[in-house]
Amino acid sequence: MSLVIEKVEKQFADFAALKGVSLTAPDGAFLALLGPSGSGKTTLLRILGGLEYADLGHVSFAGLDWLTIPARERRAGFVFQQYALFKHMTVAKNIAFGLEVRPARQRPARAEIKRRVEELLALVQLEGLGGRYPSQLSGGQRQRVALARALAIEPRMLLLDEPFGALDAKVRKELRLWLKGLHTRVGLTTVFVTHDQEEALELGDLVAVMNEGKIEQIAAPEVLINAPATPFVADFLEDAVARSPNTNLRSLVRARTK
């Protein structure tokens with residue numbers, strides 16, 4: 001049931017966004033795609049979600065030939081940086097949206113949708129806030145609603161595209177810890193796009209470091225820190241230390257492995 005990506009390529013006009021990307025992640029893994037802008041990480045995420053098409057390559061997941069399945073049928077839960085919540089809907093209605101728009105034959109009963117929404121509000125620690133509107137929530141709370149909405153459809157895979165990018169540093173750190181705990185409880189294969197080295201190293205079971213449409217190295221965070229496979233990986237992670245002198249990434253990685 002692993003996620004297996006084999007030689008995926010994507011070209012936009014004269015720009016090669018992905019150049020034969022291959023990787024394997026076990027079922028239930030938290031895979032972080034890390035790299036600078038333009039490295040191809042968001043393009044790869046969008047291909048997994050069916051929002052872009054690969055020019056070449058193959059993806060298998062959950063025993064399925066993933067790229068041949070229409071996007072609507074993949075049951076991939078998306079969470080974006082800007083939340084994309086419906087302002088005119090309550091929190092509960094936002095979470096229920098993906099269930100309520102299903103065809104009649106596939107739509108759960110109203111009571112089941114309500115039960116599922118209450119369950120998800122508890123899971124994301126927003127009990128009692130189902131009647132509020134997005135404008136009445138903090139940025140961190142809105143991002144939790146977006147995660148709950150993605151989980152409501154019971155996705156096979158969770159896809160997160162820089163979900164904390166619009167939040168301040170303190171809230172980002174709090175949500176990182178919360179998201180890691182949520183992933184541990186739910187056990188859902190998760191692909192997380194970020195350009196933030198500290199974020200990727202703290203959250204990812206596996207981190208794929210991307211550069212110019214290729215994967216430079218995919219490994220556990222402690223391996224990336226202690227045994228970078230290419231000069232780019234070494235320099236890219238050293239940059240994180242240089243930009244954040246108060247953050248010891250080696251200590252962060254050691255803390256994960258205790």
Side-chain angles (χ1 to χ4, degrees), residues 1-10 17-35 39-80 123 147 150-163 176 179-194 197 199-211 213-230 233 253 256-257:
M1 300 293 282
S2 300
L3 169 63
V4 180
I5 299 172
E6 299 177 291
K7 300 179 180 178
V8 168
E9 298 187 10
K10 180 65 180 179
L18 296 174
K19 306 172 184 176
V21 169
S22 298
L23 64 83
T24 299
D27 185 42
F30 197 115
L31 169 65
L33 302 180
L34 172 66
S39 60
K41 54 192 187 295
T42 293
T43 299
L44 182 57
L45 187 86
R46 288 173 65 85
I47 287 172
L48 291 175
L51 302 182
E52 298 284 357
Y53 295 98
D55 297 327
L56 292 171
H58 178 262
V59 176
S60 62
F61 178 67
L64 302 169
D65 187 355
W66 194 247
L67 299 187
T68 66
I69 303 170
R72 188 180 182 90
E73 298 175 16
R74 291 186 196 183
R75 291 209 342 254
F78 261 103
V79 180
F80 301 98
L123 184 67
L147 279 160
L151 292 170
I153 63 169
E154 298 182 322
R156 295 187 179 106
M157 180 189 297
L158 187 60
L159 304 173
L160 310 173
D161 190 5
E162 305 220 32
R176 284 207 303 261
L179 179 59
K180 190 63 178 179
L182 178 69
H183 177 261
T184 300
R185 293 193 297 276
V186 176
L188 190 64
T189 298
T190 300
V191 183
F192 179 91
V193 163
T194 183
Q197 294 95 325
E199 201 162 78
L201 293 168
E202 184 174 355
L203 286 171
D205 303 316
L206 283 173
V207 179
V209 181
M210 300 186 67
N211 180 40
K214 296 181 179 180
I215 292 180
E216 296 271 344
Q217 186 176 3
I218 178 168
E222 56 270 24
V223 175
L224 292 175
I225 289 291
N226 294 304
T230 70
V233 174
V253 172
R256 288 182 78 262
T257 59

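Please read these numbers as outputs of a predicted model, since none were measured by experiment. Index from 1, following the sequence.
- Under the 4.5 Å side-chain criterion, counting only non-hydrogen atoms from C-beta, T189 is not in contact with P26.
- If you take OG1 on T42 and CG on L33, they are separated by 8.5 Å, rounding to the nearest 0.5 Å.
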Worked check of salt bridge (Lys or Arg N to Asp or Glu O under 4.0 Å) between E202 and K180: CA-CA 9 Å; E202 184 174 355; K180 190 63 178 179; over 6 Å; no

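- One finds the OG1 atom of T184 at 8.0 Å from the CG atom of D205 (value rounded to the nearest 0.5 Å).
- Counting heavy-atom neighbours within 6.0 Å of K214 NZ, excluding the residue itself, gives a total of 12 or less.
- In this structure, T190 OG1 and L203 CG are separated by 10.0 Å, a value rounded to the nearest 0.5 Å.
- More than 12 heavy atoms of other shown residues, nucleotides or ligands fall within 6.0 angstrom of atom CZ in R185.
- Look at D27 and R156 and you find no salt bridge, because none of the NZ, NE, NH1 or NH2 atoms lies under 4.0 Å from a carboxylate O.
- At a cut-off of 3.5 Å, with distance as the only test, no side-chain donor of S22 or E6 sits close to an acceptor on the other residue.
- The two atoms that bring A25 and A29 nearest to each other are CB-CB, 4.3 Å, heavy atoms only.
- Note that the CG atom of L188 and the NE2 atom of H183 stand 6.5 Å from one another [nearest 0.5 Å].
- The only member of L67, V8, D65 that meets side-chain contact (heavy atoms from CB on, under 4.5 Å) when paired with H58 is D65.
- Between F192 and F30, the angle of the ring planes lies from 30° to 60°, which puts this pair in the tilted group.
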Derivation and outcome, side chain to side chain contact (heavy atoms under 4.5 Å, CB included), residues R74 and L159: CA-CA 12 Å; R74 291 186 196 183; L159 304 173; over 6 Å; no

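- Salt bridge E9/K19: absent, no basic N to carboxylate O contact under 4.0 Å.
- Residues L147 and L158 form a side-chain contact, since some pair of their non-hydrogen atoms from C-beta on lies under 4.5 Å apart.
- Side-chain contact between M210 and L18 is present, with heavy atoms from C-beta onward closer than 4.5 Å.
- Heavy atoms only, all atoms of each residue included: I153 and A76 are closest at CD1-O, 4.0 Å.
- For the pair E216 and A229, the tightest heavy-atom approach, listed with the atom from each and the gap, is O-CB, 4.5 Å.
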Check: residues 46-54 side-chain donor-acceptor pairs under 3.5 Å, at least two apart:
from : atom 1 : to  : atom 2 : distance (Å)
R46  : NE     : E52 : OE2    : 3.4

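- Between I218 and V209 the shortest side-chain heavy-atom distance does not fall below 4.5 Å.
- M157 places a side-chain heavy atom less than 4.5 Å from the side chain of L3.
- V21 and G213 make their closest contact through CG2-O, 3.4 Å (heavy atoms, listed as atom of the first residue, atom of the second, distance).
- A208 approaches L23 most closely through the heavy-atom pair CB-CD2, 4.4 Å.
- Remark: I5 CD1 to L31 CG distance equals 7.0 Å, nearest 0.5 Å.
- Annotation: side chain of F78 is in contact with side chain of L45 (closest heavy-atom distance under 4.5 Å).
- Residues V193 and L160 have side chains not in contact (no heavy-atom distance under 4.5 Å, counting atoms from C-beta outward).
- Residues G204 and A32 approach most closely at CA-CB, 4.3 Å, considering heavy atoms.
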Step-by-step side-chain hydrogen bond (donor to acceptor under 3.5 Å, both in side chains) determination, T194 to E162: CA-CA 5 Å; T194 183; E162 305 220 32; 4.7 Å; no

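- With hydrogens and angles ignored, the 3.5 Å screen pairs no side-chain donor or acceptor of T43 with any backbone N or O of K41.
- Counting heavy atoms from C-beta outward, V4 and V59 have side chains that stay 4.5 Å or more apart.
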